[in-house]
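Bear in mind the structure is a predicted one, so any value in this text is a computation, not a measurement.
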Amino acid sequence: MNRYLTNNWVNKSLLLATAIATVLSFTQCTPKQTATVSSVPNTTPQADQSKGLKDYFKDDFYMGVAVSSRSIRTDSALIIKEFNSVTAENDMKVGVIHPAENRYNWKNADDIVAFAERHHIHIRGHNLLWHKQGADWMFVGPDGKPASKELVLQRLRDHIHTVVGRYKGKMYVWDVVNEAIDDSQDPNVMYRENSPWWTTFKSPEFIEAAFRYAHEADPNAKLYYNEFNSERPVKREKIFALLKKLKADHVPIDGVGFQAHWTIGRPDADQIRKALDEVISLGLDVQFTELDMTVHENPVEVVPGKTPVDPGFTPDVEAKQIARYKMVFDIFRQYKKHIKAVTFWNVSDRGSWLDSRGGGSAGDPIPNPPVFIKAYPLLFDINNQRKKAYWAVVNN
Ligand code: G3I
């Protein structure tokens with residue numbers, strides 16, 4: 001039996017009770033409740049249709065969204081109205097922008113930068129070093145054998161100077177290093193070892209180097225370490241250890257990106273607060289860089305020959321998503337002094353990167369063969385309309 005469906009049936013009565021209680025409480029809410037922070041979500045739409053997320057949160061932090069060279073055309077009106085920060089979802093990654101040693105693909109990245117500048121939208125750079133969507137050529141020497149550490153460092157420096165240099169003064173932040181910490185529950189394995197970076201260096205030297213090169217190239221850009229599942233206790237401690245080391249070594253790091261690929265069931269508020277407190281204790285800023293909240297609490301398990309049934313965006317999961325979006329934004333507001341931006345990963349439920357991997361979240365196993373199940377993880381629905389969760393985060 002499909003574990004995902006089984007869990008749904010097991011949880012059904014609990015979800016139904018939550019939905020009824022939450023829906024009942026919504027109907028009793030009025031906009032007047034926004035004066036104090038209530039634990040009950042208020043999903044009443046505000047009357048002023050001219051405002052977007054960036055306006056509702058203007059005293060708190062930038063509101064951002066991941067975009068592509070396509071979405072800045074197809075969803076431009078929504079992006080311009082709602083957001084004041086953008087991140088290129090893929091178009092600035094090393095393997096995409098620099099696919100061969102002497103070849104750069106500037107077109108899509110340039111289009112995104114031009115779009116943002118035209119509409120006075122801030123731009124996050126993403127990213128300069130990752131184990132995925134990288135450039136294989138960086139790790140191959142002239143003789144076809146693995147490149148030396150020295151050659152890889154020289155290529156990394158050239159890459160960072162070229163890309164950061166091209167957009168110098170245009171990016172307010174760069175995700176310099178992405179996901180270098182091991183994602184397992186094993187506290188003794190600190191760094192991600194299934195990475196060409198680790199294979200080449202066997203030490204965090206490449207992490208420090210990337211930050212130093214980025215700082216050389218644009219001393220005014222804020223430099224971030226970006227990671228997922230950062231709130232899980234074991235991984236949180238590994239990240240904290242890395243950050244302490246970077247600070248002790250005077251590496252020019254300014255902040256930490258919490259990717260925030262979450263679900264309607266996790267993480268809990270205490271885990272988020274604890275992770276924030278640790279980062280802030282080191283004098284670092286925070287951004288939530290890739291926020292989404294899939295309605296699937298457990299990954300889809302594929303049974304050969306059977307197509308998993310997608311129950312869709314049911315009232316049950318809607319109520320849970322509303323409550324959790326409110327919970328996390330209440331925390332964001334409490335910590336706003338330390339948070340520069342909150343960025344959603346994709347524009348609307350019409351198209352999320354999670355859909356094509358079975359609707360599960362980051363770190364979940366990807367169904368094989370691939371299964372398309374919608375995740376409904378964002379604040380705008382499949383028709384680009386504001387969901388109730390939108391109003392639950394706006395009204396506080
Ligand atoms: O552009 C090619 C296209 O030419 C080709 O025909 C097609 C066939 O599969 O693939 C297209 O590339 C895909 C690309 O997205 C653009 O759509 C890749 O296969 C696909 O793997 C890639 O996925 C991206 C993923 O990073 C790669 O790991 C997602 O869009 C992107 O949302 C996701 O973003 C990452 C963040 O950068 C870092 N944090 C995690 C997050 C989710 O993995």
Phe115/His119 aromatic ring centres below 6.0 Å: yes
Applying ring-ring contact (aromatic ring centres under 6.0 Å, His included) to His126 and not counting sequence neighbours gives Trp345
Step by step, would you call Glu179 with Tyr225 a side-chain hydrogen bond (donor to acceptor under 3.5 Å, both in side chains)?
-> CA-CA 8 Å; Glu179 303 173 12; Tyr225 176 74; over 6 Å; no
Classify the ring geometry of Tyr376 against Phe313: parallel below 30°, tilted from 30° to 60°, perpendicular beyond 60°.
tilted
Practice task
Consider only side-chain heavy atoms of I, L, V, M, F, W and Y, link residues closer than 4.5 Å, and tell whether Val163 and Trp130 are in one cluster.
Solution key: no
Sorted by chain and residue number, the ring-ring contact (aromatic ring centres under 6.0 Å, His included) partners of Phe57 (sequence neighbours excluded) come out as Phe61, Phe329
Centroid-centroid under 6.0 Å between Tyr172 and Tyr62 rings
yes
Closest non-hydrogen atoms of Val234 and Ser184, given as atom of the first, atom of the second and distance, are CG1-O, 4.2 Å
Stepwise, does the side chain to side chain contact (heavy atoms under 4.5 Å, CB included) test hold for Ile272 with Trp262? CA-CA 11 Å; Ile272 299 172; Trp262 292 335; 3.7 Å; yes
Is the distance from the ring center of His261 to that of Trp353 below 6.0 Å?
yes
| If you measure only the distance, is there a donor-acceptor pair under 3.5 Å linking the side chains of Tyr390 and Glu82? | yes
Contacts under 3.5 angstrom, residues 335-343 side chains, donor-acceptor by atom type, not counting sequence neighbours:
from, atom 1, to, atom 2, distance (Å)
Tyr335, OH, Asp277, OD1, 2.8
Lys336, NZ, Asp60, OD1, 3.3

* To do: Please assess Asn226 against Asn127 for the test side-chain hydrogen bond (donor to acceptor under 3.5 Å, both in side chains), listing each intermediate value before the final yes or no.
  => CA-CA 9 Å; Asn226 195 45; Asn127 55 55; over 6 Å; no
Are the ring centres of Phe139 and Trp197 closer than 6.0 Å? yes
